[in-house]
S.K.: 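Before I ask anything, let me first share the structure, which is written out below as structure tokens.
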Amino acid sequence: MAQSLELLLIQFLMPDNDARRQAEDQIKRLAKDPQVVPALIHHLRTAKTPNVRQLSAVLLRKKITGHWSKLPPQIKQLVKQSLIDSITMENSPPVRKASANVISIVAKYAVPSGEWPDLFPFLFQCSQSPHEDHREVALILFSSLTETIGNAFRPHFADLQALLLKCLQDETSNRVRVAALKAVGSFMEFTHDGDEVVKFRDFIPSILNVSRQCLASGEEDVAIIAFEIFDELIESPAPLLGDSVKSIVQFSLEVCSTQSLEPNTRHQAIQIISWLAKYKSSTLKKHKLIIPILQVLCPLLAESTNENDDDDLAPDRAAAEVIDTMALNIPKQVFPPVFEFASVSFQNANPKFREASVTALGVISEGCLELMKTKLEPILHIVLAALRDPEQVVRGAASFALGQFAEYLQPEIVSHYESVLPCILNALEDASDEVKEKSYYALAAFCENMGEEILPFLDPLMGRLLAALQNSSRVLKETCMSAIGSIATAAEQAFIPYAERVLELMKNFMVLTNDEDLRSRARATELVGMVAMSVGKTGMEPILPPYIEAAISGFGLEYSELREYTHGFFGNVAEILGDNFAQYLPHVVPLAFSSCNLDDGSAIDIDECDDDIANGFEGVSSDDEAHDEPRVRNISIRTGVLDEKAAATHALGLFAQHTTISYAPYLEETLRILVKHSGYFHGDVRLQAITALKHLPKLVNATLLLLQEKSACQQVESDSEIDDEDSAHDEVLMDAVSDLLPAFATAMGAQFDSIFAQLFDPLMKFAKAFRTPQDRTMVVACLAEVAQNMGFPIAVYVDRVMPLVLKELASSEATNRRNAAFCVGELCKNGGDSALKYYDNILRGLHPLFGESEPDDAVRDNAAGAVARMIMVHPESIPLNQVLPVFLRVLPLKEDREESLAVYSCVSALVFSSNPQIVPLIPELVNIFAQVAASPIETSEVKALVGRAFCHLFSLYGQQMQPILSNLSPAHANALSAFSTMS
């Protein structure tokens with residue numbers, strides 16, 4: 001056996017492929033013979049050529065894996081002794097490493113069973129040998145053994161740590177120092193015990209020394225191990241870094257700013273800064289490292305990137321991601337140095353620095369939004385100037401930054417529309433398609449949050465966008481569609497003149513079937529839904545069938561993004577059709593179910609082989625690692641499917657909400673899906689499920705858990721080094737949770753009282769003084785909507801709620817004042833006598849919101865709504881002679897049209913009751929009614945209401961009103977006349 005096997009091994013190593021294949025087949029057959037192990041041991045000990053000895057070790061490892069227990073005791077002893085001899089007496093490094101890999105496999109079986117008690121003493125002895133080779137191979141074994149029998153090291157952990165530190169400081173051998181660094185990395189991956197990990201803090205100076213030596217000698221792949229070790233230390237919840245964080249940051253900054261190093265090495269260094277910002281931000285603040293970090297990272301944004309570089313590893317992109325992370329976690333410390341960098345660099349002669357200046361501002365706009373809102377004028381000065389820069393890259397970065405501002409710096413950014421929109425309009429004509437694309441993105445984000453301010457720009461905007469839809473590249477058409485959708489949302493009914501042309505163009509996109517066109521088809525489907533929301537039921541219902549047919553057919557094209565946007569389209573159509581959407585439910589609900597039930601988990605490829613010898617023939621001369629378990633080659637999460645799930649989940653909620661009883665046949669399956677998704681690992685899917693649940697039967701226990709922040713999806717590991725300033729619960733999630741209570745109240749009315757009693761105290765804990773303004777206003781908004789929909793049972797809570805609401809009326813935050821005004825009105829409307837005693841205090845609290853000192857129109861609108869509700873329920877308790885002039889002075893409403901019905905119902909009721917306090921105010925009333933009738937925003941219901949009130953006034957005081965009417969503009973007079981005739 002031994003002689004024939006030796007010949008075959010030699011034959012296998014020959015360059016002749018035919019001879020190699022024949023030898024491989026025969027070796028596989030011999031491998032089934034029990035005597036192959038002694039034969040392989042023989043060749044490992046005696047073969048003349050290193051390649052044969054190495055191949056013998058590789059095959060021995062394969063043969064022993066899974067078969068150790070079947071070997072006779074004498075063979076086991078022979079294997080162990082031969083392996084020990086090999087690593088101590090073998091001259092060839094590849095053979096020693098191959099034998100070390102066999103030892104790690106044997107130890108996996110032999111150490112736990114007590115068959116190799118002298119292995120650890122041998123390794124400790126070997127690691128202290130005067131021979132460099134012995135010390136190196138012992139450390140290699142320590143590394144590999146952690147993967148197979150890591151727990152067996154626990155009794156020896158203190159000795160092992162001392163040994164590793166000594167070897168890291170070995171002054172005679174670089175190979176030993178490198179092997180020690182690798183061993184430390186292996187042990188850091190294995191151990192998660194805080195007491196064990198904390199001892200590695202003492203290793204940091206030595207790790208940095210070895211890593212610097214490796215970088216100097218070109219061993220970047222080894223130096224990267226240091227960053228892997230630091231990563232483990234940073235992610236540990238224990239405060240492990242201490243003063244060493246300064247050294248780690250300095251080293252990381254040195255590496256990431258050294259352009260001669262490989263992109264991956266630099267990226268690893270940048271990632272360490274990112275982890276520190278994310279997990280140890282207070283440590284960076286404590287050691288005053290924020291400014292030094294940004295002084296390196298901001299200039300990296302200006303570093304030129306070769307087109308052949310991997311974009312994910314490009315220093316400028318990686319630096320932008322870290323600056324973003326820092327802005328999200330420590331905004332107060334990040335904004336000043338970044339703003340200073342941008343202010344200086346936008347005047348730099350180098351266009352890359354001008355590009356970096358506006359890129360930096362765009363990157364931090366999410367995290368530093370509150371600070372940037374206070375500096376919008378100088379920030380916009382920089383970015384709008386960059387939008388006119390002669391260099392394309394600078395103009396493109398400026399367009400990106402404007403898009404970020406439009407997304408995050410709301411609502412303040414919209415007030416600058418007069419200077420921003422013309423600049424974006426000019427950028428849409430840029431010679432560069434890249435600049436055009438980013439400008440469309442900026443336009444879409446900016447217009448999405450506009451209202452009637454967009455009306456003067458509609459014609460020029462739509463003219464350019466409709467032309468671009470027909471004459472641009474595919475990518476530009478897609479971003480153009482997004483911009484049109486935002487404009488349609490902002491313009492509402494004023495978009496109707498453009499709707500027919502847009503919808504006709506979308507028909508062509510919605511029948512495309514080529515793979516490269518499916519993204520355009522998805523965008524077109526989304527746009528039709530958004531236009532439908534602006535046009536409304538009357539205009540859309542007759543023309544919808546071909547669009548719905550095209551949308552349904554798109555599910556056969558196997559494109560996740562198309563399905564995602566189609567679910568959104570169906571949700572929009574359900575919202576405008578209401579019960580009339582029921583006819584489509586049998587077609588669209590199964591499609592949503594299918595998307596919700598998609599397998600979105602990790603796509604994992606396992607590299608395994610049925611023959612435990614076959615893989616042993618590859619890479620004989622390499623540093624062969626032990627892989628006795630199936631090897632994961634690739635793990636990927638299909639994020640497109642997650643977006644599709646979120647959209648489908650949201651659509652189910654809209655179907656249930658708007659088709660009511662018609663949705664009953666689908667309720668059980670929908671509920672099963674939504675309950676499952678409410679605990680989903682991905683935030684977007686979880687949020688949409690919680691949002692959708694408000695349209696379904698009550699899930700009080702789940703809601704209670706979420707309010708108590710005890711749901712599984714809300715449990716996160718704490719970081720002892722993150723202070724209160726930097727910590728926060730998931731505000732988006734809690735906003736969705738707080739929306740559930742009004743939804744229950746809407747569905748159950750007064751019967752919600754007994755359930756609300758269980759949820760009230762957990763809700764109110766978010767209103768305590770130490771909570772953020774965002775938390776308090778969330779509570780107030782929730783209480784307002786519960787009062788609105790539950791009705792009179794809210795009276796028992798008025799005394800506990802009113803002090804909070806009155807205090808919030810004086811908040812420095814506009815959103816808080818707005819919600820408080822709305823809430824106080826609903827409490828007065830539904831709180832009965834319990835609220836009546838607070839009327840004087842309420843009027844005093846509301847009065848400043850009607851004055852010039854109140855900068856926010858929405859706050860003023862809600863204050864008007866509150867007064868209207870108070871007058872409606874207790875007019876005798878309101879000093880109308882003092883209140884009505886102030887009340888009418890802020891009309892018509894400017895922003896929050898949801899208050900229109902309450903306000904104009906109140907005014908109309910006073911008119912119809914012929915209240916004597918109204919007569920002196922008839923001129924003001926006529927002007928208000930005329931503006932409401934001419935408004936492109938107000939609903940037909942409100943216009944009909946004021947039309948009837950005007951007719952009543954005219955029937956009583958027609959003669960006296962003629963001078964007032966003659967002073968109206970023709971547009972106002974015609975609008976008032978039209979609605980008066982209809983009424």
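The first residue in the sequence is number 1, and the count goes up from there.
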S.K.: So which atom in Ala835 and which in Cys828 form the shortest heavy-atom distance, rounded to 0.1 Å?
M.R.: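 That would be CB-CA, 3.9 Å.
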
S.K.: Mind listing the closest non-hydrogen atom pair of Val824 and Ala866 along with its distance?
M.R.: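 Where Val824 meets Ala866 most closely, the heavy atoms are CG1-CB, 3.8 Å.
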
S.K.: Show every ring-ring contact (aromatic ring centres under 6.0 Å, His included) that has at least one partner inside residues 521-541, sequence neighbours left out.
M.R.: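 Sorted pair list comes back empty.
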
S.K.: Check Glu564, Lys645, His567 against Ser595 for a side chain to side chain donor-acceptor pair (under 3.5 Å) and give me the one that passes.
M.R.: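 Answer to the side chain to side chain donor-acceptor pair (under 3.5 Å) test with Ser595 among Glu564, Lys645, His567: His567.
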
S.K.: Would the distance check show the side chain of Lys894 and the main-chain N or O of Asp856 forming a donor-acceptor pair, the cut-off being under 3.5 Å?
M.R.: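 Absent.
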
S.K.: Flag the pair Arg860 / Glu895 as yes when at least one side-chain heavy-atom distance between them is below 4.5 Å, and no otherwise.
M.R.: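 They are not in side-chain contact.
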
S.K.: List the residues meeting side chain to side chain donor-acceptor pair (under 3.5 Å) with Ser520, not counting sequence neighbours, and say none if there are none.
M.R.: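 So Ser520 forms a side chain to side chain donor-acceptor pair (under 3.5 Å) with Glu478.
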
S.K.: Calculate, to the nearest 0.5 Å, the distance between atoms CD and CZ belonging to Glu561 and Arg519 respectively.
M.R.: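 The distance works out to 4.0 Å.
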
S.K.: List, one per line, each side-chain donor-acceptor pair under 3.5 Å for residues 537-547, sequence neighbours excluded.
M.R.:
unit_1, atom_1, unit_2, atom_2, d
Glu541, OE2, Asn580, ND2, 2.9
Tyr547, OH, Leu503, O, 2.9

S.K.: Would you call the rings of Tyr797 and Phe760 parallel, tilted or perpendicular, taking 30° and 60° as the class edges?
M.R.: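 Tilted.
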
S.K.: Answer yes or no: is there a donor N or O on one side and an acceptor on the other, between the side chain of Asn816 and the main chain of Pro773, under 3.5 Å?
M.R.: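 At least one qualifying donor-acceptor pair exists.
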
S.K.: Can you tell me if CD on Glu549 sees more than 12 non-hydrogen neighbours from other groups inside 6.0 Å?
M.R.: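 Not buried by this count: 12 neighbours or fewer within 6.0 Å.
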
S.K.: Applying salt bridge (Lys or Arg N to Asp or Glu O under 4.0 Å), can you list everything that pairs with Glu452, at least two apart in sequence or on another chain?
M.R.: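 With neighbours one apart ignored, the set is Arg897.
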
S.K.: Within the 4.5 Å heavy-atom criterion, are Glu575 and Met533 side-chain neighbours or not?
M.R.: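 In contact.
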
S.K.: Where the side chain of Ser553 meets the backbone of Ala550, is there a donor-acceptor pair that is under 3.5 Å apart?
M.R.: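 Side chain of Ser553 to backbone of Ala550, a donor-acceptor pair under 3.5 Å: yes, one is there.
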
S.K.: Using the rule given for side-chain hydrogen bond (donor to acceptor under 3.5 Å, both in side chains), can you reason through Tyr441 versus Gln404, listing the C-alpha separation, both sets of side-chain angles and the distance that settles it, and then say yes or no?
M.R.: CA-CA 9 Å; Tyr441 158 68; Gln404 295 293 101; 2.6 Å; yes

S.K.: Is Asn862 reaching over with its side chain to a backbone N or O of Ala858, donor-acceptor style, under 3.5 angstrom?
M.R.: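 Side chain of Asn862 to backbone of Ala858: a pair is present.
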
S.K.: Would you say the side chain of Leu783 lies within less than 4.5 Å of the side chain of Phe756, judging by non-hydrogen atoms?
M.R.: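 A side-chain contact exists here, since the closest heavy-atom pair is under 4.5 Å.
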
S.K.: Determine whether Tyr440 and Leu465 make a side-chain contact, defined as any pair of heavy atoms from C-beta on separated by less than 4.5 Å.
M.R.: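 Tyr440 vs Leu465: side chains touch.
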
S.K.: Using side-chain contact (heavy atoms from CB on, under 4.5 Å), reason through Phe570 and Ile552 one step at a time and then give a plain yes or no.
M.R.: CA-CA 9 Å; Phe570 288 147; Ile552 292 173; 3.7 Å; yes

S.K.: For residues 479-492, which residue pairs pass the side chain to side chain donor-acceptor pair (under 3.5 Å) check, not counting sequence neighbours?
M.R.: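 For residues 479-492: Ser482-Arg523.
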
S.K.: Side-chain contact, heavy-atom cut-off 4.5 Å: Pro936 with Gln493?
M.R.: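 The answer is no; the side chains never approach within 4.5 Å.
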
S.K.: Who are the salt bridge (Lys or Arg N to Asp or Glu O under 4.0 Å) partners of Glu370, not counting sequence neighbours?
M.R.: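 Partners of Glu370 by the salt bridge (Lys or Arg N to Asp or Glu O under 4.0 Å) criterion, ordered by chain and then number, come out as Lys373.
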
S.K.: Could you check if a side-chain atom of Val779 sits within less than 4.5 angstrom of a side-chain atom of Met764, using non-hydrogen atoms only?
M.R.: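 Of all side-chain heavy-atom pairs linking Met764 with Val779, at least one is under 4.5 Å.
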
S.K.: Just do the side-chain contact (heavy atoms from CB on, under 4.5 Å) check on Val932 and Leu945 with the steps written out, would you?
M.R.: CA-CA 10 Å; Val932 171; Leu945 187 66; over 6 Å; no

S.K.: Which residues pass the salt bridge (Lys or Arg N to Asp or Glu O under 4.0 Å) test with Lys477, not counting sequence neighbours?
M.R.: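 Partners of Lys477 by the salt bridge (Lys or Arg N to Asp or Glu O under 4.0 Å) criterion come out as none, since no residue qualifies.
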
S.K.: Under the salt bridge (charged side-chain N to carboxylate O under 4.0 Å, His left out) rule, what pairs show up with a residue in residues 503-512, not counting sequence neighbours?
M.R.: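 Counting only pairs at least two positions apart or across chains, the salt bridge (charged side-chain N to carboxylate O under 4.0 Å, His left out) contacts touching residues 503-512 are Glu504-Lys507.
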
S.K.: Would you find a donor on one side and an acceptor on the other, under 3.5 Å apart, between the side chain of Arg521 and the backbone of Leu512?
M.R.: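 Checked: pair present.
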
S.K.: Search all heavy atoms of Ala442 against all heavy atoms of Ala406 and return the closest pair with its distance.
M.R.: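 So the minimum-distance heavy-atom pair works out to O-CB, 4.2 Å.
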
S.K.: Has Glu898 got more than 12 heavy atoms of other residues, nucleotides or ligands less than 6.0 Å from its CD?
M.R.: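 12 or below, so no.
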
S.K.: Among residues at least two apart in sequence or on other chains, which ones pass ring pair (Phe, Tyr, Trp, His ring centres under 6.0 Å) with Phe581?
M.R.: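 With sequence neighbours excluded, Phe581 shows a ring pair (Phe, Tyr, Trp, His ring centres under 6.0 Å) to Tyr584, Phe655, given in chain and number order.
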
S.K.: For the atom pair SG (Cys480) and CG (Leu469), what is the distance rounded to the nearest 0.5 Å?
M.R.: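 Interatomic distance, Cys480 SG to Leu469 CG, rounded to 0.5 Å: 4.0 Å.
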
S.K.: Does Tyr565 offer a backbone N or O that forms a donor-acceptor pair with the side chain of Thr525 under 3.5 Å?
M.R.: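 Answer holds: no.
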
S.K.: Under the criterion side-chain hydrogen bond (donor to acceptor under 3.5 Å, both in side chains), I'd like the reasoning laid out for Asn830 against Glu826: C-alpha separation, chi angles, the key distance, then a yes or no.
M.R.: CA-CA 6 Å; Asn830 298 288; Glu826 289 298 334; 3.2 Å; yes

S.K.: List the atom of Pro742, the atom of Val786, and the distance in Å for their closest heavy-atom pair.
M.R.: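 Looks like N-CG2, 3.9 Å.
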
S.K.: Looking only at heavy atoms, what is the nearest atom pair of Cys782 and Leu763, with distance?
M.R.: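 Heavy atoms of Cys782 and Leu763 come nearest at SG-CD2, 3.8 Å.
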
S.K.: Under the rule for side chain to side chain donor-acceptor pair (under 3.5 Å), what residues qualify as partners of Thr777, not counting sequence neighbours?
M.R.: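 Testing Thr777 for side chain to side chain donor-acceptor pair (under 3.5 Å), a comparison that skips the adjacent residues, returns Asn819.
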
S.K.: For residues Glu785 and Asn789, report the shortest heavy-atom separation together with the two atoms involved.
M.R.: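 So the minimum-distance heavy-atom pair works out to O-ND2, 2.8 Å.
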
S.K.: According to the salt bridge (charged side-chain N to carboxylate O under 4.0 Å, His left out) rule, which pairs have a member within residues 815-825, sequence neighbours left out?
M.R.: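 For residues 815-825: Arg817-Glu854, Arg818-Asp896.
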
S.K.: Is Phe792 atom CZ crowded by more than 12 heavy atoms from other residues, nucleotides or ligands, each under 6.0 Å away?
M.R.: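 Open: at most 12 neighbouring heavy atoms sit under 6.0 Å from CZ of Phe792.
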
S.K.: Hey, what do you get for CG (Asn572) to CG (Leu527), rounding to the nearest 0.5 Å?
M.R.: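 Reported to 0.5 Å precision, the distance equals 10.5 Å.
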
S.K.: For the atom pair CZ (Arg563) and CG (Leu557), what is the distance rounded to the nearest 0.5 Å?
M.R.: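 Going from the CZ atom of Arg563 to the CG atom of Leu557 covers 9.5 Å.
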
S.K.: Roughly how far, to the nearest 0.5 Å, is the CD1 atom of Ile484 from the CG atom of Leu505?
M.R.: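 Atom-to-atom, Leu505:CG and Ile484:CD1 are 8.0 Å apart.
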
S.K.: Going through the distances and angles, do Met462 and Val502 end up as a side-chain contact (heavy atoms from CB on, under 4.5 Å)?
M.R.: CA-CA 10 Å; Met462 290 306 300; Val502 171; 3.9 Å; yes

S.K.: Check the pair Tyr904 / Lys943 against side-chain contact (heavy atoms from CB on, under 4.5 Å), numbers first and verdict last.
M.R.: CA-CA 9 Å; Tyr904 299 121; Lys943 292 179 180 181; over 6 Å; no

S.K.: Using salt bridge (Lys or Arg N to Asp or Glu O under 4.0 Å) as the criterion, list what pairs up with Glu941, not counting sequence neighbours.
M.R.: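 Salt bridge (Lys or Arg N to Asp or Glu O under 4.0 Å) list for Glu941, sorted by chain: empty.
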
S.K.: Is there side-chain contact between Val801 and Ile794, with at least one heavy-atom pair below 4.5 Å?
M.R.: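 Counting from C-beta outward, Val801 and Ile794 never come under 4.5 Å.
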
S.K.: To the nearest 0.5 Å, what is the distance between CG (Leu809) and CG (Leu804)?
M.R.: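 Atom-to-atom, Leu809:CG and Leu804:CG are 10.0 Å apart.
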
